[in-house]
Amino acid sequence: MEFPEEEKKSLNFIEAIIEEDITENKNEGRIHTRFPPEPNGYLHIGHAKSICLNFGLADEYNGLCNLRFDDTNPTKEDVEYVDSIKEDISWLGFEWDGEPKYASDYFEQLYEWAIKLIEEGKAYVDEQPQELISEQRGIPTRPGIESVYRNRPVEENLELFAKMKNGEFPTGAMVLRAKINMSSPNMHMRDPIMYRILHQTHHRTGDKWCIYPMYDWAHGQSDFIEGITHSICTLEFEIHRPLYDWALDQIVEGSYRPRQIEFARLNLSYTVMSKRKLLELVQGKYVSGWDDPRMPTISGFRRRGYTPESIRWFADRIGVAKRDNVIDVSLLEFSVREHLNKVAPRKMAVLNPVKVIITNYPENEIEQLPVNNNPNDENAGTRMVPFTKEIFIERDDFMEDPPRKFFRLGPDREVRLIGAYIIKCEDYKKDADGNIEEIYCTYDVDTKSGGTGANRKVKGTIHWVSATEGVNAEVRLYDRLFLDEDPAGHKDKDFKEFLNPDSLKVLKDCIIEPSVTDLNNCDNMQFQRLGYFSIDKESAEGKLIINRTVPLRDSWAKRK
RNA sequence: UGCCCGAUGGUGUAAUUGGCAACACGUCUGACUCUGAAUCAGAAGAGUCCAGGUUCGACCCCUGGUCGGGCAACCA
């Protein structure tokens with residue numbers, strides 16, 4: 001499915017940079033981007049922005065985009081994450097160039113470059129304790145203090161570094177530091193650490209290595225090895241750029257050189273996007289897993305019924321810039337509705353039922369009525385829905401004492417049942433507490449859909465399900481992603497305070513029309529007037545569990 | 001009291017080499033409809049953080065402020 005026409009935008013700032021680079025024929029006009037996740041969690045909607053950007057730019061300029069796992073910290077990483085990341089990117093509809101790449105594939109090369117650095121007197125082994133190194137680095141407003149090991153002879157550094165590699169020292173005993181500038185106003189330039197000792201099994205290299213490069217000694221080099229031209233990352237790496245360039249200066253020969261460009265990460269209202277916090281939700285069993293339908297992860301959205309198209313449209317719409325932003329979830333939901341409105345077949349379900357008895361309809365009769373699958377799509381066809389003497393309608397669709405502008409059912413009022421007849425309310429029964437128990441109506445045979453009297457105008461049309469032929473299911477209704485308050489401005493508060501304690505309980509019985517059970521798992525549908533839904537992949541024993549993807553806009557509800 | 005970013009309608013993004021601020025969402029009207037959805041038509045809403053300067057002319061360039069974000073992990 002193509003993007004909506006009107007969405008063609010003018011250039012964003014990254015496109016402008018790229019076009020300029022092409023004009024100047026930098027890197028022979030080649031465009032090669034990359035998406036470099038650390039496999040330490042599942043991808044979330046924020047990553048989707050980065051994915052769409054990197055892969056999208058490559059498409060747009062006939063370039064390539066790599067998938068590279070930035071796996072330089074074995075303590076947090078796992079193959080489970082590698083697999084989920086690949087799956088999510090593919091599901092979004094993007095294809096990376098060649099095989100997935102791994103920073104760990106370059107460990108040998110990185111090590112050799114580090115030796116070269118030492119030989120040139122630009123790096124040294126520091127065996128001071130972590131706390132001391134950190135203290136000596138100083139504070140942003142004051143210069144740091146040089147390490148006593150800073151001027152260690154090259155030979156000694158070489159020897160020590162080799163021993164580090166060979167596992168002769170315990171974890172944390174010493175590090176390799178770049179010799180740059182201890183009084184730089186940029187903290188990252190104050191002799192940054194390039195290698196640390198970590199006796200930790202790596203998910204890919206196993207126990208082959210016990211020293212691991214830091215981000216700053218791995219990222220730019222990896223970009224260089226892969227021939228990346230535009231290394232696009234989020235704003236928090238802006239301060240690393242001088243170091244990125246410094247690291248490249250040490251290895252680049254010739255004219256090809258990657259370039260780092262930063263953009264503002266996505267913030268979504270009502271949505272927690274910190275990987276650390278999401279991990280906490282998973283580990284604390286607040287949710288059923290990374291793909292819990294309430295999670296703002298790509299897999300969570302998938303399970304909830306979001307489509308890849310809708311997420312891509314969303315990413316396209318929010319644009320890219322350098323200023324901090326908070327995007328309202330309603331824009332995401334708009335994108336979802338926009339797509340689902342076109343493709344989701346319409347079905348009927350009643351969430352909060354009240355029984356309607358059609359007094360002049362024959363007992364035991366079951367009439368199969370053809371109902372449009374999608375009135376906006378002529379090719380969508382029809383389905384048969386059973387109509388019977390007793391039906392359920394939504395409790396909200398009947399009012400004893402209707403206010404002005406209420407178009408649905410009430411005493412002596414007429415209403416059309418979708419795909420069926422016009423009915424008129426003649427009477428109703430209340431229980432001891434005053435709740436409506438049953439509503440008695442008559443139907444007008446001539447008004448059957450497509451029939452002779454079908455053109456008669458009534459103000460309202462409501463949905464219904466046969467009381468005797470309908471099927472029972474469970475629906476999960478989720479409101480915002482799982483926060484009932486906007487976390488913006490509450491950064492430091494414990495985010496669990498915002499976790500809606502009722503969100504898992506929003507599980508209701510509902511009655512659905514039989515044709516719903518024909519849907520394949522995870523297919524999308526629209527329950528008319530209720531929203532878009534999808535069948536959960538984990539249907540309970542015999543009972544369908546249905547997630548609400550997103551509610552329909554409801555201007556009547558807003559009135560109230 | 002350091003360094004690096006940023007600042008345009010409610011929100012997000014635009015504005016060819018400086019030429020009287022555009023688009024989308026949202027909001028509000030109205031029309032239509034066998035979904036109070038969708039669709040269609042229309043409207044309101046910013047004078048571009050502030051103060052100077054350069055210029056015939058500045059959102060755009062310069063200077064100085066203000067506000068917001070980031071930076072002191074052997075994380076990425």
Side-chain angles (χ1 to χ4, degrees), chain A residues 4 6-12 36-38 40 70-73 75-77 103 126 129-130 133-135 137-144 171-177 184-190 193-198 211-212 214-216 218-219 233-242 262 264 269 275-276 317-328 330-331 334-335 337-338 341-342 346 348 371-372 374-376 405-408 416-420 422 447 449-450 454-463 526-531 552-559:
Chain A
E6 83 279 4
E7 302 291 337
K8 280 165 194 156
K9 296 182 169 186
S10 42
L11 298 188
N12 63 46
E38 183 187 10
N40 66 348
D70 225 338
D71 54 353
T72 55
N73 183 6
T75 60
K76 296 202 277 181
E77 299 157 4
D126 195 339
Q130 187 172 162
I133 291 179
S134 163
E135 199 183 311
R137 192 143 27 217
I139 54 171
T141 51
R142 294 242 178 291
T171 292
M174 49 188 74
V175 292
L176 182 73
R177 287 228 259 171
S184 167
N186 182 342
M187 297 297 290
H188 292 277
M189 298 301 269
R190 321 246 264 223
I193 289 163
M194 296 306 199
Y195 269 94
R196 77 283 213 189
I197 301 173
L198 234 41
I211 55 170
Y212 292 93
M214 301 292 290
Y215 168 86
D216 291 303
H219 205 91
C233 60
T234 48
L235 245 26
E236 66 263 33
F237 291 101
E238 201 158 31
I239 199 93
H240 289 251
R241 184 158 19 107
E262 311 86 10
S269 59
K275 256 192 202 177
R276 208 205 86 232
R317 254 185 270 258
I318 59 178
V320 41
K322 291 190 78 162
R323 92 181 82 147
D324 294 319
N325 59 79
V326 180
I327 287 167
D328 202 288
S330 64
L331 188 60
F334 164 80
S335 301
R337 290 193 194 99
E338 183 183 42
N341 178 44
K342 292 186 181 122
R346 265 100 265 222
M348 290 192 285
V371 180
N372 272 131
N374 187 342
N376 296 333
K405 297 219 165 189
F406 180 80
F407 300 150
R408 280 111 92 163
R416 171 171 287 286
L417 298 175
I418 289 175
I422 292 175
T447 58
S449 283
N455 290 331
R456 219 173 91 208
K457 296 270 184 273
V458 282
K459 274 189 179 161
T461 303
I462 63 173
H463 56 99
Q526 183 197 94
F527 284 152
Q528 302 201 88
R529 301 240 327 275
L530 299 177
L552 235 43
R553 284 162 45 109
D554 184 357
S555 56
W556 166 251
K558 247 186 331 192
R559 247 170 225 276

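Quick note on labels: first sequence line is chain A, next is B, and so on, each numbered from 1.
- Going from atom NE2 of A/His463 over to atom C1' of B/rU35 covers 8 Å, rounded to whole Å.
- A/Leu11 has its CG atom 18 Å from the P atom of B/rC23, to the nearest Å.
- Checking B/rA38, B/rU35, B/rA72 against the side-chain heavy atoms of A/Gln528 singles out B/rU35 as nearest.
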Could you write out each protein N or O paired with an N or O of nucleotides 74-76 of chain B at a distance under 3.5 Å?
unit_1	atom_1	unit_2	atom_2	d
B/rC74	OP2	A/Arg137	NH2	2.7
B/rC74	N3	A/Gly172	O	3.4
B/rC74	N4	A/Gln130	N	3.4
B/rC74	N4	A/Gly172	O	3.3
B/rC75	OP2	A/Arg196	NE	3.0
B/rC75	OP2	A/Arg196	NH2	2.7
B/rC75	O3'	A/Arg196	NH2	3.3
B/rC75	O2'	A/Asn73	ND2	2.9
B/rC75	O2'	A/Lys76	NZ	3.4
B/rA76	OP1	A/Thr72	OG1	2.6
B/rA76	OP1	A/Arg196	NH1	3.4
B/rA76	OP1	A/Arg196	NH2	3.1
B/rA76	OP2	A/Tyr215	N	2.9
B/rA76	O4'	A/Glu38	OE1	3.4
B/rA76	O3'	A/Asp70	OD2	3.1
B/rA76	N6	A/His240	NE2	2.8

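- Qualifying salt bridge (charged side-chain N to carboxylate O under 4.0 Å, His left out) partners for A/Arg190, counting only residues two or more places apart in sequence or in other chains: none.
- When the C1' atom is compared between B/rC32 and B/rC50, the two are found 50 Å apart, to the nearest whole Å.
- Set against B/rG2, B/rG36, B/rA38, the side chain of A/Pro140 has B/rG2 as its closest nucleotide.
- Between A/Arg553 and the phosphate of B/rG36, there is no side-chain N or O to OP1/OP2 separation shorter than 4.0 Å.
- Here, B/rA72 and B/rC40 have their P atoms 50 Å apart, quoted to the whole Å.
- The A/Phe334 side chain lies nearest to B/rG26 when the options are B/rC5, B/rG26, B/rU35.
- The heavy-atom pair separating A/Glu38 from A/Asn73 by the smallest distance is OE2-CB, 3.8 Å.
- The backbone N or O of A/Ile239 lies less than 3.5 Å from a partner atom in the side chain of A/Asn186, making a donor-acceptor pair.
- Separating the P atom of B/rC71 from that of B/rA15 is a span of 29 Å, rounded to the nearest Å.
- Residues satisfying the side-chain contact (heavy atoms from CB on, under 4.5 Å) criterion with A/Ala173, sequence neighbours excluded, are A/Phe169, A/Pro170, A/Ile197.
- Nucleic acid contact class of A/Gln526 (heavy atoms, under 4.0 Å, all strands): base.
- Contacts of A/Arg456 classified as salt bridge (charged side-chain N to carboxylate O under 4.0 Å, His left out), with partners at least two apart in sequence or in another chain: A/Glu414, A/Asp444.
- If you measure from atom CZ of A/Arg241 to atom P of B/rC71, you get 16 Å, rounded to the nearest angstrom.
- Annotation: side chain of A/Phe334 is in contact with side chain of A/Arg317 (closest heavy-atom distance under 4.5 Å).
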Pair pattern of RNA chain B in dot-bracket, where unpaired bases get dots and | marks partners in another strand, Watson-Crick or G-U under 3.5 angstrom: .((((((..((((.....[..)))).(((((.......))))).....(((((..]....))))))))))).....

Heavy-atom protein contacts under 4.0 Å, nucleotides 28-34 of chain B, coded B base, S sugar-phosphate only, - none: S----SB

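- Heavy atoms only, all atoms of each residue included: A/Asp70 and A/Ala103 are closest at OD1-CB, 3.9 Å.
- Rounded to whole Å, the separation between the C1' atoms of B/rG9 and B/rU39 comes to 26 Å.
- Contacts of A/Glu236 classified as side-chain contact (heavy atoms from CB on, under 4.5 Å), with partners at least two apart in sequence or in another chain: A/Thr234, A/Arg265.
- Not a single donor-acceptor pair under 3.5 Å links the side chain of A/Arg529 to the backbone N or O of A/Asp554.
- Rounded to whole angstrom, the span from the CG atom of A/Leu235 across to the C1' atom of B/rC5 amounts to 6 Å.
- Nucleotides B/rA46 and B/rA7, compared at atom C1', are 14 Å apart to the nearest Å.
- Atom P of B/rU48 sits at a distance of 45 Å from the matching atom of B/rG36, rounded to the whole Å.
- One can place CD1 of A/Ile318 at 12 Å from C1' of B/rU11, the figure rounded to the nearest angstrom.
- For the pair A/Ile418/A/Arg346, no side-chain contact is recorded, criterion being any heavy-atom separation below 4.5 Å from C-beta on.
- Here the P atom of nucleotide B/rU11 and the CG atom of A/Asp328 are 10 Å apart, to the nearest Å.
- Using a 4.0 Å cut-off, no side-chain N or O of A/Arg337 falls inside it from OP1 or OP2 of B/rU35.
- With sequence neighbours left out, the side-chain contact (heavy atoms from CB on, under 4.5 Å) criterion links A/Pro185 to no other residue.
- Mapping A/Asn376 and A/Leu331 onto RNA chain B via the closest heavy atom, the residue that lands nearer the 5' end is A/Leu331.
- Comparing the C1' positions of B/rU55 and B/rC61 gives a spacing of 10 Å, expressed to the nearest Å.
- As a whole-Å value, the separation of A/Arg346 CZ from B/rG36 C1' is 15 Å.
- Among the atoms of the strands shown, none is found under 4.0 Å from any heavy atom of A/Phe527.
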Could I get a table of every N or O pair under 3.5 Å where one atom is in the protein and the other is in nucleotides 44-49 of chain B?
none

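- Using a 4.0 Å heavy-atom cutoff across all strands shown, A/Ile327 reaches sugar-phosphate atoms only and no base atom.
- Not counting sequence neighbours, the partners of A/Glu262 by the salt bridge (charged side-chain N to carboxylate O under 4.0 Å, His left out) test are A/Arg241, A/Lys322.
- Here the separation of B/rG10 from B/rG47, taken at their P atoms, is 8 Å to the nearest Å.
- Scanning for ring-ring contact (aromatic ring centres under 6.0 Å, His included) contacts around A/His188 gives A/His240, with sequence neighbours left out.
- The phosphate of B/rG12 has neither OP1 nor OP2 within less than 4.0 Å of any side-chain N or O from A/Arg317.
- Here A/Asn186 lies out of heavy-atom contact (under 4.0 Å) with every strand.
- Computed from coordinates, the A/Lys322 NZ to B/rA14 P distance equals 13 Å when rounded to whole Å.
- In this model, no side-chain donor or acceptor of A/Arg323 finds a partner on the base of B/rU13 within 3.5 Å.
- Residues that satisfy the salt bridge (charged side-chain N to carboxylate O under 4.0 Å, His left out) test with A/Asp126, not counting sequence neighbours, are A/Arg177.
- Look at A/Ser335 and you won't find any side-chain N or O under 4.0 angstrom from OP1 or OP2 of B/rC25.
- The closest donor-acceptor contact from the side chain of A/Ser184 to the backbone of A/Met189 lies at 3.5 Å or more, if one exists at all.
- Taking 90° from 0 as the syn/anti boundary, the base of B/rG47 is oriented syn.
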